[in-house]
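To start, the structure under review is shown below, and the notes come after it.
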Amino acid sequence: PIGSVLLIILGYRTVAVSGSVLAIVGFLSASFAPNIELLTFTYGTIASLGFSFLFLTSMVATTVYFCRWRTLAVSLASCGFGVGIFIYPLMARHILDLLDWQWCLRIQAGMLFLCVLLSLTYRTLTSEAKVEKPTMREALKSSFRLNLLKNPIFILLLIMASSSTIGILIPFNYMPLTGLERNLTQSQSAWLVSVMGATNTAGRVLVGAAAFKAPFHPLVFMILGHTMGAAATFISVLCDSFTLLAIYCGFFGLVFGNH
């Protein structure tokens with residue numbers, strides 16, 4: 001909600017740059033955190049707020065810039081999620097082998113400076129430039145449409161989107177620990193997450209291209225993907241080797257490419 005209001009008032013470029021700076025500050029501050037409480041605040045709150053600004057801006061800007069190819073454009077724009085998950089675990093594992101987690105965060109903060117440069121490329125469309133900027137009150141009213149809570153379809157979508165967003169992150173976050181519990185090496189455990197990232201990127205492109213010409217509603221892809229991903233996760237408790245876990249990770253990342 002905070003990002004939505006700021007986006008209406010300040011525009012894409014300002015919010016994206018602010019989000020990038022917040023993420024950098026969060027990562028740098030976290031690298032000097034002396035305890036878990038401060039680490040939670042800097043890494044879990046400040047950096048997360050910055051990333052939420054970045055993600056919201058990139059998704060909203062894409063839907064505004066594209067009309068005919070909107071579905072495919074959004075899919076390609078969100079591919080950074082999968083690409084990052086493919087690269088970062090391997091990179092972080094290599095940095096941790098050479099240095100420590102503090103320097104790992106500092107190096108990642110330096111890489112986030114690229115987001116500042118890329119955010120500067122956002123521009124306001126000609127049609128939007130002619131529209132007078134709304135006031136804070138108007139922005140709040142536009143972002144918080146409480147009458148939507150009376151719509152049962154919206155409530156259903158809200159529950160589905162919220163639960164799936166939380167659910168999709170669980171395998172990505174806990175797969176390294178799962179690998180170690182199954183007697184895999186740290187390198188193999190990192191590769192499992194990278195496999196999910198690679199297939200997730202492919203899934204986003206495939207779903208985006210298919211949804212563009214599909215004769216049915218795009219939500220069908222999400223429902224099918226979530227159902228298959230949940231079923232595979234139930235079965236994954238039986239996977240006791242790197243090969244089986246890699247197959248599960250590849251399938252899970254692929255079917256959740258619709259998210």
Side-chain angles (χ1 to χ4, degrees), residues 19-55 58 77-119 165-204 233 236 239 241-243 245-254 256-257 259:
S20 303
V21 173
L22 273 176
I24 293 173
V25 171
F27 270 60
L28 285 177
S29 302
S31 69
F32 295 100
N35 52 58
I36 189 64
E37 290 79 13
L38 190 57
L39 179 63
T40 301
F41 175 73
T42 54
Y43 186 82
T45 303
I46 298 178
S48 296
L49 184 62
F51 282 124
S52 69
F53 287 178
L54 275 172
F55 180 79
S58 63
S78 63
C79 280
F81 177 82
V83 173
I85 290 177
F86 173 70
I87 296 175
Y88 266 76
L90 301 178
M91 182 192 72
R93 183 70 262 162
H94 183 67
I95 295 174
L96 290 172
D97 289 338
L98 298 176
L99 302 170
D100 53 27
W101 66 269
Q102 289 94 336
W103 272 106
C104 185
L105 288 176
R106 292 164 193 164
I107 292 173
Q108 290 178 358
M111 295 176 64
L112 285 171
F113 183 73
L114 291 174
C115 293
V116 177
L117 301 179
L118 293 173
S119 298
T165 300
I166 296 173
I168 190 177
L169 295 176
I170 293 176
F172 285 101
N173 289 330
Y174 288 96
M175 187 50 63
L177 181 60
T178 301
L180 294 177
E181 290 178 345
R182 307 288 166 83
N183 298 319
L184 302 184
T185 64
Q186 291 184 337
S187 177
Q188 288 176 319
S189 299
W191 268 107
L192 291 176
V193 181
S194 295
V195 168
M196 279 194 285
T199 57
N200 185 261
T201 302
R204 289 174 186 269
T233 302
S236 66
C239 301
S241 66
F242 175 77
T243 301
L245 284 173
I247 293 174
Y248 159 71
C249 290
F251 181 77
F252 182 87
L254 183 67
F256 266 96
H259 186 75

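All residue numbers refer to positions in the sequence shown, counting from 1. Values below: all heavy atoms of this structure, side chains included; hydrogens, waters and symmetry mates excluded.
- The two atoms that bring M196 and C249 nearest to each other are CG-O, 3.1 Å, heavy atoms only.
- Between S236 and R182 the shortest heavy-atom distance is O-NH1, 3.9 Å.
- With sequence neighbours left out, R106 forms a salt bridge (Lys or Arg N to Asp or Glu O under 4.0 Å) with no residue at all.
- Separating the CE atom in M175 from the OG atom in S194 is a distance of 12.5 Å, to the nearest 0.5 Å.
- At a threshold of 4.5 Å between non-hydrogen side-chain atoms, the residues S119 and V116 do not count as touching.
- The CG atom of L177 lies 8.5 Å from the OG atom of S189; values are rounded to the nearest 0.5 Å.
- Side chains of L192 and T178 form no contact here, defined as non-hydrogen atoms less than 4.5 Å apart.
- Side chain to side chain, Y248 and T233 meet the donor-acceptor criterion of an N or O pair below 3.5 Å.
- Heavy-atom neighbours of W103 CH2 from other residues, nucleotides or ligands within 6.0 Å: at or below the threshold of 12.
- Looking at every heavy atom in both residues, L22 comes nearest to G50 through CB-CA, 3.7 Å.
- When all heavy atoms are compared, the tightest approach of L38 to N35 is N-OD1, 2.8 Å.
- Going from atom CD of Q188 over to atom CG of L245 covers 10.0 Å, rounded to the nearest 0.5 Å.
- Counting heavy atoms of neighbouring residues, nucleotides and ligands inside a 6.0 Å radius, atom CZ of F242 exceeds 12 of them.
- What you find for T42 and S29 is that their closest heavy atoms are CG2-CB, 3.5 Å.
- The CG atom of L105 lies 10.0 Å from the CG atom of L112; values are rounded to the nearest 0.5 Å.
- Ring orientation note: the planes of F27 and F51 are nearly perpendicular, at an angle over 60° on the 30°/60° scale.
- Taking CZ from F32 and CG from L39, the interatomic distance works out to 13.0 Å, rounded to the nearest 0.5 Å.
- With a 6.0 Å radius and a threshold of 12 heavy atoms from other residues, nucleotides or ligands, F41 has its CZ atom at or below the threshold.
- Of the residues I24, L54, V21, the one that meets the side chain to side chain contact (heavy atoms under 4.5 Å, CB included) test with C115 is L54.
- Within the 6.0 Å centre-distance limit, the rings of F256 and F252 are counted as a close aromatic pair.
- Nearest heavy-atom pair across A92 and Q108 is CB-NE2, 4.3 Å.
- Note that the CZ atom of R204 and the CG atom of L254 stand 11.5 Å from one another [nearest 0.5 Å].
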